[in-house]
Amino acid sequence: MRLIEQKRKDSIYLYFLAKGQRKYLGKPDKINQEKAKEALILLDTQITEYKSFRNKIEKYLYGKHEIEIKDSEYKMIFFDMDGVLFEKPWQESKSRKVAISSWDLLFKKLGQYDIYEALKKNFENGLYGDDVDSYVKWKEATCKTLKIIPLKEKTFQEVIDSRILSRGAKELFQILKKSKIKTAIITGSFYRLAQRAQKELDEVNHVRAHCRLFFDDNGLLKRWELNKTDYNHKIEIMEELALKEGIIDKNGHPDLNQCVYVGDDVNDLEAFGAAGLAIAFNSQKSIVKKAADIIIVGGDLTEILSPLFDFEMDKEKISFYVSKDVKDEWLNFAKTKDYSTLPDFIMKIIEFYIKEERASLKNIE
Ligand SMILES: [Mg+2]
């Protein structure tokens, strides 16, 4: 299947080659609508076919199994957004690659990343106090800075649009929609990005986001609303929403034991402690991985389904796309080592396997 642009004299002629046929599509500025639509349909069919091949090969390669939707012991899942529903962009720092948030990304785009780093340092050093509200003061200072810079709505929207949904996010929500499990996003990021997630994912039941920005008629940042949705406050929201969904214990109190929390960073630690099942998704931080019941590495969000529906699973520490016995070996390896980044961990595991392989070859000799 090919699109050919043939140049003759001063004109360009477009042809679409498919299934041994050559279709003339017209000139770029005078396209044959009918033929072009036909070509699009052909392409779509081919893409669907390729996708199904891809799924099949993936299934053979990684042993991915179809998830059977049964009743789960969990009634609700709370998702963090940055790094969980949306991939975190990577940035080269002095010593290693680190994942960055939407806030980082915005300041980078504005060419003012140093300012944001300074604000973040202030927060980490306790300059905004050490109570549960301190992060709100940090973000208040951050928004004031954005107004001074000033932030244009167009720039902000570009950052929102640039974020990429995590692999498997769409599939996951399609599957969850078929189950009885309720879903919610609780994020310390931007309301507008959460809105995008809600629009693009099938049925997110609740959304709570930290920062909502408002722009004036000239498209410049005018004011902002900061909601308490991060750190400790994530628990309050989980309780509020669980209650709303009738997930309660025998005394009528919200029962977070029947809830799952999926997060990736230190601002999720409190929520991890409160949820019945804490899942660390693609986390780079050992403190986060240690606090989780399950660690998912590899970036496919549908991986969280197996602990939800697989009754045989006794809380695995690592979920990989590998066969059970390899997984057990890796698990053992992971238990005794602690690497802060995924690339680090993978490198060490490869080294470990090369060594093992060589050892077995030596034995044969
Ligand atoms: Mg996050």
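Both ligands and their constituent atoms are indexed starting at 1 by order of listing.
Ring pair F173/F79: centre-to-centre distance below 6.0 Å.
By the 4.5 Å heavy-atom criterion applied to side chains, Q195 and V207 are not counted as neighbours.
A salt bridge links K137 with D131: the distance from a Lys NZ or Arg NE/NH1/NH2 to an Asp or Glu carboxylate oxygen falls below 4.0 Å. Salt-bridge check for R163 with D82: passed, with a basic side-chain N closer than 4.0 Å to an acidic carboxylate O.
Nearby protein atoms of type N, O or S around the Mg ion (ligand 1) amount to 3 (distance under 2.8 Å).
For residues 205-219, the set of pairs meeting the side-chain hydrogen bond (donor to acceptor under 3.5 Å, both in side chains) definition, not counting sequence neighbours, comprises T183-N205, H206-E245, R208-E240.
By the 30° and 60° cut-offs, the orientation of the rings of W103 relative to F190 is tilted.
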